[in-house]
Amino acid sequence: MKTTFLFILISIISFGQKETTLPSEIKKVTVFFQGAQIEHQKSTELKPGKQEIVFEKLTDFLDPNSVQVKAIGDMTILSVRTRKNFEDLKMSNEEIASLNTKKHKLELQDQVLRDEYDILALDKNLLLKNRDLKGNADGLKVAELKEAYAFMHLKLTEINTRQSAIYNQLEDLNKEMNRIEQEITSQRSKPVTNFTEIIVEVDVEKATKGEFFFTYITPNAAWKPYYDMRSDGIGQPVRLEAKALVSQTSGISWNNIDLVLSTNDPYENSKEPTLNPWYLTYYNYPPQKQVYQRQIPQNDYSGEKLRGEVIDASTGEPLPFAKISFPSNPNVGAVTDFDGKFEVIVPRGEKFVSANYVGYNPVQLGITAPYLKFFIHSQELVLEEVMISAESYDYEVADVMSVSKSTSNQEGLFSSNRREGRKRKADKDYSAAYNSNLAGASSGESYNYSSNAASVATQKDLRMEYAIQSKFTIPSDGIDHRVQIATYELPAKYEYHAAPKMDPSVYLAAQVSGWEKLNLLNGESNLYFDGTFIGKTYIDVNSTKDTLSFSLGKDNKIQIERKRIQEKSTNRTIGSRQKFEVTWEIKVKNNGGAAIPILIKDQFPISTNNDIKVKNGDYTDAQLDEKTGILTWNFLLNSSQSKSLLFNYSVDYLHGSVLYIE
């Protein structure tokens with residue numbers, strides 16, 4: 001008997017030690033263009049034997065295939081798996097029962113006051129019915145008349161004063177009952193926090209201190225590069241500030257972490273294409289290219305335990321004996337208990353679950369979390385209209401008038417539908433609280449973080465990594481948070497550009513060199529010149545040019561004009577041909593106080609039809625690109641200097657043809 005008892009005791013103790021639940025803080029996050037790898041570290045004392053270590057409250061958006069666990073200590077890892085869990089943040093049943101008790105006491109007080117008000121109304125009506133004082137044939141004496149009216153005045157004053165006091169008390173009670181109703185319904189409608197747990201089964205040889213390192217990937221994070229390019233003026237170097245916009249909606253805030261930005265994308269296709277034989281025949285079609293779409297992992301709850309509850313959307317009360325079923329598997333389901341809660345195993349491949357209750361509209365939800373709340377609405381009842389005849393009542397008009405006059409300003413509190421009205425108000429408040437809680441759960445709290453942290457760039461085989469040098473905090477709000485990566489000073493050459501054919505303005509441009517050595521990424525850049533924001537541009541690192549050109553805006557001190565010289569331009573017909581000859585003049589003047597380098601572009605037309613013949617004329621001091629027909633003048637223009645540039649060309653084409661020529 002003693003041996004049996006000892007065996008049971010040891011079994012109970014060992015069973016209690018089988019599962020150890022541990023919280024684990026996030027130590028490091030590596031953010032990819034899509035997704036993020038999250039790293040945890042946790043130490044704990046372990047006793048000998050087989051046991052399960054559960055790391056709780058991890059993000060619900062976790063890719064199970066990406067989980068990696070490493071342990072240091074006298075132990076062997078037997079298995080690693082994940083499971084879904086939840087945390088319900090609403091009030092306990094005891095707290096809700098306490099609120100309902102307070103509400104019930106207030107309702108009793110409310111009823112007592114209403115009964116007193118009704119009695120006072122009857123007293124008042126009785127006095128008003130007897131307000132016509134009549135005596136014997138000789139009439140009332142003056143003293144008796146005075147005494148009767150004094151009595152009536154005193155009593156009516158007392159009744160009206162007490163009715164006003166009751167009205168104020170009822171109004172206060174009504175506010176307090178509505179507040180309690182709102183608190184109960186808002187607590188009922190609080191969203192459940194869903195999360196994932198990683199379960200590590202280990203076999204510990206002897207008592208040891210185990211240190212666990214584990215990582216996983218969540219797709220709900222991203223970052224993108226952007227730049228601020230600043231110049232303090234002509235002749236100054238350009239300061240390039242490389243930054244990142246980091247966002248995440250994993251449901252878990254990243255507090256005080258080591259942040260690394262990686263150019264890797266774990267969800268980008270990594271399968272190389274296969275080249276098949278190319279067979280030629282008549283009426284063949286070009287082979288279709290293989291298109292690989294990005295595979296973002298989706299949560300699959302097949303075989304998982306699904307929990308939840310069914311709630312009356314109007315009252316916030318749980319609905320027992322509601323039927324839970326799956327559209328594709330009608331034979332699998334469950335029934336809610338007395339608290340409106342249920343548990344059921346999700347069939348393989350099932351994506352939706354529905355709740356049905358007699359007298360209520362059915363609701364179907366997607367299986368997106370391990371705990372779901374069904375808020376269902378009662379079906380509307382159509383009642384036949386009942387006619388009530390006024391002949392059934394024997395009220396005097398004067399009596400009705402006297403009562404309605406004294407209570408007209410209290411209709412809201414004393415209406416026969418007052419309780420129903422308060423219920424409808426509570427329904428609206430409940431719906432508003434439910435919607436606001438859902439909005440809060442999806443959007444999260446709003447933060448605005450920024451940092452001037454520097455980073456260390458590391459070139460890996462297939463990616464670049466930027467390790468931010470200071471600790472960072474990024475909440476789960478989906479908002480872009482600015483992270484500074486590095487600041488570079490680049491040599492810049494400033495010159496003026498103009499294309500008067502397109503725009504009669506001269507633009508200041510910065511020619512930046514040396515950028516190709518900085519391991520930059522494609523991204524937008526804000527441009528600042530002399531402390532002023534002047535616009536946006538795009539940095540294309542795939543460009544083959546060794547110099548990036550950025551326009552810094554117009555300079556009105558430089559004037560430029562392009563016009564046709566009429567006396568040197570003709571358009572005449574010779575037989576069946578039309579010959580068009582034109583000469584253009586470009587005049588530019590520097591009204592500034594210093595000499596400037598300027599680059600001006602124009603063009604010759606290029607014929608794509610053998611019947612249209614273009615002949616290029618003179619283009620003094622310009623360089624011609626034969627492929628594009630673009631003319632470029634590049635020279636130094638002194639202060640107050642003017643310069644004239646001439647070029648001409650002719651076009652010979654078939655007379656009567658429609659051809660646009662400048």
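Below, each value reflects all heavy atoms present in this structure, side chains not excepted, and no hydrogens, waters or symmetry copies.
For the pair T336 (side chain) and F342 (backbone), a donor-acceptor distance under 3.5 Å is absent. D339 contributes no side-chain N or O that, together with a main-chain N or O of K341, makes up a donor-acceptor pair within less than 3.5 Å. Put simply, the side chain of E176 never gets that close to the backbone of L106: no donor and acceptor are under 3.5 Å apart. With E211 contributing its side chain and G73 its backbone, the two residues share no donor-acceptor pair below 3.5 Å. Using a distance-only test at 3.5 Å, with no hydrogens or angles considered, a donor-acceptor pair links the side chain of T59 to the main chain of S250. Side chain of H377 to main chain of F375: no donor-acceptor pair is present (N/O by atom type, distance under 3.5 Å, no hydrogens or angles).
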What side-chain donor-acceptor pairs closer than 3.5 Å can you find for residues 318-331, not counting sequence neighbours?
unit_1, atom_1, unit_2, atom_2, d
S325, OG, S354, OG, 3.1
N329, ND2, E350, OE1, 2.8

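By the side-chain hydrogen bond (donor to acceptor under 3.5 Å, both in side chains) test, N194 pairs with no residue at all, sequence neighbours left out. Partners of F32 according to the ring pair (Phe, Tyr, Trp, His ring centres under 6.0 Å) rule, which considers only residues two or more places apart in sequence or in another chain, do not exist here. Residues forming a ring pair (Phe, Tyr, Trp, His ring centres under 6.0 Å) with F61 (at least two apart in sequence, or on another chain): none. In terms of the ring pair (Phe, Tyr, Trp, His ring centres under 6.0 Å) criterion, residue partners of Y216 (sequence neighbours excluded) are, by chain and number, H40. Scanning for salt bridge (Lys or Arg N to Asp or Glu O under 4.0 Å) contacts around E343 gives K305, R307, with sequence neighbours left out. The side-chain contact (heavy atoms from CB on, under 4.5 Å) test applied to E116 returns L113, L120, R162, I166, not counting sequence neighbours. Judged as a side-chain contact (heavy atoms from CB on, under 4.5 Å), and not counting sequence neighbours, the contacts of T44 are L22, L46, F212. Residues satisfying the ring pair (Phe, Tyr, Trp, His ring centres under 6.0 Å) criterion with W254, sequence neighbours excluded, are absent altogether. Taking Q68 as the reference, nothing meets the side-chain hydrogen bond (donor to acceptor under 3.5 Å, both in side chains) condition, with sequence neighbours excluded.
Salt bridge absent: D118 and R114 never bring a charged side-chain N and a carboxylate O closer than 4.0 Å. In this structure, E52 does not pair ionically with R83, as no charged nitrogen and carboxylate oxygen lie closer than 4.0 Å.
Judged by distance alone, the side chains of Y360 and D312 do bring a donor and an acceptor atom under 3.5 Å apart. Remark: the S253 side chain and the N255 side chain contain an N/O donor-acceptor pair separated by less than 3.5 Å. S79 and E201 form a side-chain donor-acceptor contact under 3.5 Å, judged by distance and modelled atom types alone.
Side chains of L62 and T218 form no contact here, defined as non-hydrogen atoms less than 4.5 Å apart. Proximity of I252 to L58: side-chain heavy atoms (C-beta onward) are nowhere separated by under 4.5 Å.
Note on residues 252-261: pairs passing salt bridge (Lys or Arg N to Asp or Glu O under 4.0 Å), not counting sequence neighbours, are D258-K471. Applying the salt bridge (Lys or Arg N to Asp or Glu O under 4.0 Å) test to pairs two or more places apart or on separate chains, those with a residue in residues 67-79 are D74-K206.
Partner of I468 under the side-chain contact (heavy atoms from CB on, under 4.5 Å) criterion, out of I257, V260, V483: V483 alone.
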